[in-house]
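Below you'll find the structure, written out as structure tokens, and then a few comments.
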Amino acid sequence: MLHVTASSSVYLLFLFPEWKRICAYKVSVTLDVETTQPRLEVSEDLKSLRWTGTRRDLPVTGKRFIHSACTCVLGSEGFTSGRHYWEVEVVGNRRWSLGVSSESVEREDWVRLIPENGFWTIGWVENQFYTKSSQTPLPVGQDPRKVGVYLGYESGTVSFYNADTKYHLHTFTGNKFTEKLYPFFCSWDLNQFLRICS
């Protein structure tokens with residue numbers, strides 16, 4: 001799997017003129033409570049989630065993530081074409097993953113968050129970015145307050161940015177998407193929120 005990471009000031013200078021173009025594809029994202037893992041809590045406005053550590057008795061919907069290690073939830077709306085961008089406030093949360101997942105991903109058993117399993121994500125654990133596919137730390141720039149996720153369906157790309165500094169974190173490329181993709185959220189830092197920006 002090919003990937004691109006920001007490694008030079010030249011790339012950053014190229015990125016700034018592109019920022020308005022990326023933001024033009026901003027979409028409103030809400031959380032789908034029917035997919036919420038039982039140890040996660042979703043806010044009434046469907047914009048925030050937190051890991052409570054306490055398993056709730058929730059109905060098995062067929063859509064819900066069940067395994068205790070997969071504290072995940074999906075966005076309500078999926079995409080089968082086009083370009084889409086959204087931002088998530090992560091400040092204060094030390095353990096999370098964000099990105100997109102395919103509709104057919106495993107929901108009942110534990111699974112690695114890698115493209116081969118239908119997940120295109122980056123994570124943050126103890127002040128370090130990573131991808132499950134490479135296990136190689138990604139350049140940080142500075143601790144993020146907001147992370148932007150950009151999906152280009154036809155181009156087969158999923159990109160991540162520090163939304164405050166416009167710093168490019170990582171891009172998955174070379175994918176051929178064939179099914180519906182959903183915004184993906186995962187948190188396992190006790191009582192610390194992830195918030196989808198309006």
Side-chain angles (χ1 to χ4, degrees), residues 1-8 10-32 35 63 65 70 72-88 90 96-107 109-125 128-141 144 146-163 165-186 194 196-197:
M1 182 70 60
L2 297 173
H3 68 275
V4 179
T5 57
S7 59
S8 70
V10 173
Y11 185 85
L12 291 175
L13 288 173
F14 170 77
L15 176 62
F16 284 109
E18 297 296 311
W19 191 248
K20 284 188 177 181
R21 181 185 63 81
I22 292 170
C23 290
Y25 299 110
K26 191 173 286 187
V27 293
S28 178
V29 173
T30 56
L31 300 168
D32 181 356
T35 68
K63 297 171 62 178
F65 290 93
C70 297
C72 313
V73 60
L74 300 181
S76 295
E77 183 177 346
F79 309 110
T80 56
S81 64
R83 301 173 183 178
H84 311 277
Y85 176 76
W86 59 94
E87 294 178 352
V88 183
V90 299
W96 51 260
S97 292
L98 297 172
V100 300
S101 79
S102 58
E103 187 171 32
S104 64
V105 293
E106 174 62 49
R107 314 234 181 161
D109 294 323
W110 178 83
V111 63
R112 287 183 68 204
L113 303 180
I114 58 176
E116 291 78 6
N117 293 335
F119 298 93
W120 293 266
T121 67
I122 64 168
W124 178 260
V125 177
Q128 185 62 63
F129 281 112
Y130 68 94
T131 69
K132 289 285 188 181
S133 54
S134 70
Q135 297 297 331
T136 301
L138 302 176
V140 175
K146 289 189 297 184
V147 171
V149 182
Y150 173 78
L151 166 64
Y153 194 96
E154 285 80 8
S155 63
T157 59
V158 181
S159 297
F160 301 90
Y161 302 90
N162 182 326
T165 64
K166 304 175 179 62
Y167 188 90
H168 173 257
L169 300 169
H170 185 76
T171 294
F172 292 99
T173 64
N175 303 285
K176 185 175 182 181
F177 300 132
T178 59
E179 62 179 287
K180 187 175 286 188
L181 300 178
Y182 288 86
F184 174 88
F185 309 84
C186 182
L194 295 179
I196 302 169
C197 301

Return the minimal non-hydrogen interatomic distance between Glu154 and Ser81, and the atom names on each side.
-> OE2-CB, 3.2 Å
Of all residues at least two apart in sequence or in a different chain, which pass the side chain to side chain contact (heavy atoms under 4.5 Å, CB included) check with Tyr153?
-> Phe177, Leu181
Residues passing the side chain to side chain contact (heavy atoms under 4.5 Å, CB included) test with Thr157, sequence neighbours excluded, are Tyr150, Ser155, Thr171, Thr173
First locate atom CG of Asp32, then atom CD of Glu77, and finally report the distance between them rounded to the nearest 0.5 Å.
-> 11.5 Å
Roughly how far apart are Trp19 CH2 and His168 NE2, rounded to 0.5 Å?
-> 10.0 Å
By ring-ring contact (aromatic ring centres under 6.0 Å, His included) - contacts of Phe119 (at least two apart) | Phe184
For Glu106, which residues count as a side chain to side chain contact (heavy atoms under 4.5 Å, CB included) partner, sequence neighbours excluded?
-> Glu108, Asp109, Val111
Ile196 to Val29 - nearest heavy-atom pair and separation | CG2-O, 3.6 Å
Residue list, side chain to side chain donor-acceptor pair (under 3.5 Å) with Ser104, at least two apart or on another chain = Glu179
Minimal non-hydrogen separation, Trp120 against Pro115, with atom names | NE1-CB, 3.3 Å
Shortest non-hydrogen pair, Leu31 vs Val73, comes out as CD2-CG1, 3.9 Å
Do you know which two heavy atoms are closest between Tyr130 and Ser97, and how far apart they sit?
-> OH-OG, 3.6 Å
Polar side-chain atom of Asn175 near backbone of Gly156 as donor-acceptor pair, under 3.5 Å | yes
Looking at side-chain heavy atoms only, is the closest gap between Trp110 and Cys70 below 4.5 Å?
-> yes
Please name all residues satisfying side chain to side chain contact (heavy atoms under 4.5 Å, CB included) with Thr80, sequence neighbours left out, ordered by chain then number.
-> Lys180
Sorted by chain and residue number, the side chain to side chain donor-acceptor pair (under 3.5 Å) partners of Tyr85 (sequence neighbours excluded) come out as Glu87
Tell me, please, which residues at least two apart from Arg83 pass side chain to side chain donor-acceptor pair (under 3.5 Å).
-> Tyr25
Considering all heavy atoms of both residues, which atom of Trp96 and which atom of Ile122 are nearest to each other, and what is their separation?
-> CZ3-O, 4.0 Å
Side-chain heavy-atom pair Val149, Phe160 within 4.5 angstrom cut-off | yes
Start with the C-alpha gap between Phe79 and Val27, add the side-chain angles, then the distance that decides, and say whether side-chain contact (heavy atoms from CB on, under 4.5 Å) holds.
-> CA-CA 11 Å; Phe79 309 110; Val27 293; 4.2 Å; yes
ring-ring contact (aromatic ring centres under 6.0 Å, His included) test vs Phe129 passes for just one of Trp124, Tyr167, Tyr161, namely Trp124
How far does CZ of Phe172 sit from CG of Leu151, to the nearest 0.5 angstrom?
-> 12.5 Å
List for me each residue that meets side chain to side chain donor-acceptor pair (under 3.5 Å) alongside Tyr182, sequence neighbours excluded, and say none if there are none.
-> Glu103
Heavy-atom check, side chain of Leu74 versus side chain of Lys63, under 4.5 Å | no
